[in-house]
Amino acid sequence: MTPREECSRIKIQQRVSNNDTTGKREMGTTIRRLLLATVALTAPLAAVPAFAEAGSSAPVDISEVIVTAQKRSESVQSVPASITALNAQTLQERGVNQVSDLRFMVPSMQVGKLVGNTNISIRGIGLNLVVAAGPPGVAIHVDGVYQPIAAMGDLAQIDLERVEVLRGPQGTLYGRNANAGVVNFITKAPTDEFEGYVQAGYATYDESRLQAVVNVPVNERVRARAVFDYMDRDKGFVKNVLPNGQDVIKGQVASGRLRVDADLTENLTLSLTAAVLESSGPWDSFTLRGIPTPPSFAGGLAPQEPRRTAVNTPTNTDINFTFGAATLSWDIGDFNLKSITGWQRHSYDHFGDDDGTSKALFLPYRNYLTTAFTQEFNVGGSLGPVDAVVGAFYMDFEQEVYIHFDFPLGLPPLPPNSQQQFEVRPLENSAIAAFADATWNVSDRLRLIGGIRVSKDKMTITQNNFLVFGVGAPQLITCANRTRTIEFNSTTPRVGAQYDLATNSNVYATYSKGFKVGGFNRNQCNLGYNPEKITAYEVGIKNRFFDNTVTLNASAFYYDYTDLQLAQQVGLAQQITNAAAARVKGLEVEGLWQPNSHWTFNASLSLLDAEYTDFLNVDPLAPALGLQDLSGNRLNDAPTESVNAGVSYRTGDLAFGRLTFRADMAQRTRIHFREFGGPLNEQSGYTILNLAMIWDSPDDKYRVRVYGSNVTDKEYITTLQGSQANGSRFTTWGAPRQVGVELRANF
């Protein structure tokens, strides 16, 4: 071994040792916080049993949740994978309206937002931070329709039947960009009864909300369900320190959905869905961490406090989303043939002040227009001892990107009144795939699992970028209508076995591969990035104990990543780079206990050991350090430990109705947001506490929900990214404490 190699080995060992020490310290902190949180969660409910009726505390079976995670209906306890399924009652009690609400309910899940897009990571894997940067690492589906950019799936999701979150690569059944997992939103289907509800709510920050649902049985064969949701937040979460400055993270969002289900014949059904959403307001904001370095900032103000900004130019973001879907389901004997057709259009329009300071360092205008058509056919059923699904998938995706920056004060090396512009007109991506997945019931207890997906992607991009150095200067074309095309072919198999230890207990082991497409950096001329590949191993156990009053599941996993995709800011351009290799080891435990009709306890624990094993990169904020060896550093968005815990108490039938008391706690240890380490690139451990009280009238016609989210007003960062343009870091902070009330009338 050379002296240089020995030095590198020692440095890596030191990093690992430091991480181990930190991990042990944080584990102790986790245990202490969990104990304190348990007391805090339980104490407010200690006196509640006085409301209970005598003799009403007999054990009650935990309701079985039926999911379609494997594209067929089955109990969540039968699926040989790590999956969290949240039913309608849970979603309503905890006020879930969007994907970001799930981060404190699902093990190993982190959610953050930056520049109008949501970054979802599961088990330390996810992408991206900017809507036009690249493909997401977590695939989102709404009623089986794939959402090709995360922004499409992070829209108001209300009146849901359930949410399914699958953790780990799901490439066989869900395709090319499901390396980290899948989030399935399943909306409520129309019923045969005239019913619905109206709900009004108000919360701090002058936030008002109105929801309405009406279900209409048109005739014996046709049913319709309409959903409307409107939210108006008049006071921003982020305060502007400038006199008369604009507060941000506020605005209006309106959405609607109509779903019509029709029985065309006894065995043939058609479901049609149309949805729209419009959002407007200063929703996008940055809080800086670190003082900007450009000379043009001299004498400026850049607040470093949480949820504070000094933007001096009005900012606004308009989002328009249109969604349509048609699902045809045909039962043919023991088989079901399904066609899922989807079309969607997403427009993102943003202008404002992106530097977060009192100086006009750079003022952007962004416009992204995305359209997508998807079609899936699948056939599922049983053939003797084999349960199988086979299918085909097609996607036609197109995106246009327009980003323009003005530099009134100049930004070295650009003089004052310079401009920079990035255009992608268009990016076209077509994808086609065929897949098959089967379970062979070898015996009453043993099942063998096998599946494969073969995919082909073709991507074409046309870029046109230019610079203008000051007033009257000619355009300097940096990328003159350059067109490039690339193709990717992938094969993602899955094999495994599942064995029933007892009637309500089974173990499983799986081996699978995943693939996420590469491509071209849309704001960098002629700069591509490689596909991301994963090899995953997972073992797990699923149990129901004590007369089905306890559910306890656990899984252990090992990931081997090649060319892990990461987003970073170079200059003013977002770009994706590849880490040559990364490794993730982890353990998750998830449990639910319902000892009687009154009490429900839920908890989950996630332990992650996630690190880069081969990664050389230059820090845009410290280019003088040159190429750094980041091997041994922790992955982004991968806390060593995370805990979610909740408890609820529901009274029996009282003269004035029923009461439900709920408390939920989420705790995270230190989170790294950039691969380079250091205190400015991370968030220390934190704990979030949410509380709620619900009153239901005796006839279930009326409901009042009083809630408090982040009741201790904890300040914590959800997203952070370095900005080479101003030598600082852009951060997004979690929502502050909110207290609110919801009034609901059912009919």
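Along the sequence shown, the residues carry numbers beginning at 1.
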Report yes if some heavy atom in the side chain of Gln565 is under 4.5 Å from a heavy atom in the side chain of Asn578; otherwise report no. yes

Mind checking what makes side-chain hydrogen bond (donor to acceptor under 3.5 Å, both in side chains) contact with Gln683, not counting sequence neighbours? none

When you measure from the side chain of Asn521 to the backbone N and O of Ile576, does any donor-acceptor pair fall under 3.5 Å? yes

Shortest non-hydrogen pair, Pro294 vs Ala725, comes out as CG-O, 3.7 Å

Judged by modelled atom types alone, do Asp247 and Asn240 share a side-chain donor-acceptor pair under 3.5 Å? no

Assess, by modelled atom type and distance only, whether the side chains of Ser280 and Asp318 contain a donor and an acceptor separated by less than 3.5 Å. yes

Are Met109 and Val183 close enough that some pair of their side-chain heavy atoms sits under 4.5 Å apart? yes

Here the gap from Phe615 atom CZ to Thr577 atom OG1, rounded to the nearest 0.5 Å, amounts to 5.5 Å

Minimum heavy-atom distance Pro364-Gly352, with the two atoms named: CD-O, 3.0 Å

Does any part of the side chain of Ile461, heavy atoms only, come nearer than 4.5 Å to the side chain of Gln463, both counted from C-beta? yes

Any side-chain heavy-atom pair of Asn726 and Phe297 under 4.5 Å: no

Is the shortest side-chain heavy-atom distance between Asn636 and Leu566 below 4.5 Å? yes

Audit row: Gln304, Ile291, side chain to side chain contact (heavy atoms under 4.5 Å, CB included) steps and yes/no: CA-CA 8 Å; Gln304 302 292 299; Ile291 302 300; 3.7 Å; yes

Residue of the set Thr732, Asn681, Ile671 for which side chain to side chain contact (heavy atoms under 4.5 Å, CB included) holds with Leu720: Asn681

Where is the tightest heavy-atom contact between Tyr368 and Ile403, given as atom of each residue plus distance? OH-CD1, 3.7 Å

Taking Gln568 for its side chain and Gly722 for its backbone only, find out whether a donor-acceptor pair lies under 3.5 Å. no

Where the side chain of Glu400 meets the backbone of Pro426, is there a donor-acceptor pair that is under 3.5 Å apart? no

Quick one: does any side-chain atom of Arg289 pair with a main-chain N or O of Leu680 as donor and acceptor, under 3.5 Å? yes

In plain terms, say whether Asp206 and Lys250 are close enough for a salt bridge, that is, a side-chain N and a carboxylate O under 4.0 Å apart. no

Would you give the length of the straight line joining atom OG of Ser430 to atom CZ of Phe373, rounded to the nearest 0.5 angstrom? 13.0 Å

I'd like to know if Arg366 and Asp354 make a salt bridge, using a cut-off of under 4.0 Å between side-chain N and carboxylate O. yes

Can you tell me if Asp406 uses its side chain to pair, donor with acceptor, with the backbone of Leu363 under 3.5 Å? no

Are the side chain of Thr640 and the backbone of Leu608 linked by a donor-acceptor contact shorter than 3.5 Å? no

Please tabulate, for side-chain N and O atoms in residues 465-480, each donor-acceptor pair with protein atoms closer than 3.5 Å (sequence neighbours left out).
from, atom 1, to, atom 2, distance (Å)
Asn465, OD1, Glu423, N, 3.2
Thr478, OG1, Asn465, O, 3.2

For Leu635 and Leu564, work out which heavy atoms get closest and say how close. CD2-CD2, 3.9 Å

Using atom types as modelled and distance alone, determine if a side-chain donor or acceptor of Gln147 lies under 3.5 Å from a backbone N or O of Ile140. no

I'd like to know if the side chain of Thr483 pairs up with that of Thr462 as donor and acceptor (distance under 3.5 Å, no hydrogens or angles considered). yes

Side-chain H-bond candidate by donor/acceptor type, Thr460 with Thr485, under 3.5 Å: yes

Roughly how far apart are Phe397 CZ and Gln399 CD, rounded to 0.5 Å? 4.5 Å

Mind checking the CG-CZ spacing from Asp619 to Phe676? Nearest 0.5 Å is all I need. 4.0 Å

Closest non-hydrogen atom pair between Pro639 and Gln110, with its separation: CG-NE2, 3.5 Å

If you measure from OG1 on Thr370 to CZ on Phe321, what distance do you get to the nearest 0.5 Å? 10.0 Å

For the side chain of Thr313 and the backbone of Asp353, is there at least one donor-acceptor N/O pair under 3.5 Å apart? no

Quick one: closest heavy-atom pair of Val111 and Val99, and the distance? CG2-O, 4.2 Å

Whether Asn179 side chain and Gly137 backbone form a donor-acceptor pair below 3.5 Å: no

We want to know whether Tyr348 and Asp284 form a side-chain donor-acceptor pair, criterion being a heavy-atom distance below 3.5 angstrom. yes

Test your reading of the model: is there a side-chain donor-acceptor pair from Thr287 to the backbone of Arg308, 3.5 Å cut-off? yes

Side chains of Asp629 and Ser631 only: does a donor on one sit below 3.5 Å from an acceptor on the other? yes

Rounded to the nearest 0.5 Å, what separates atom CD in Glu487 from atom NZ in Lys458? 5.5 Å

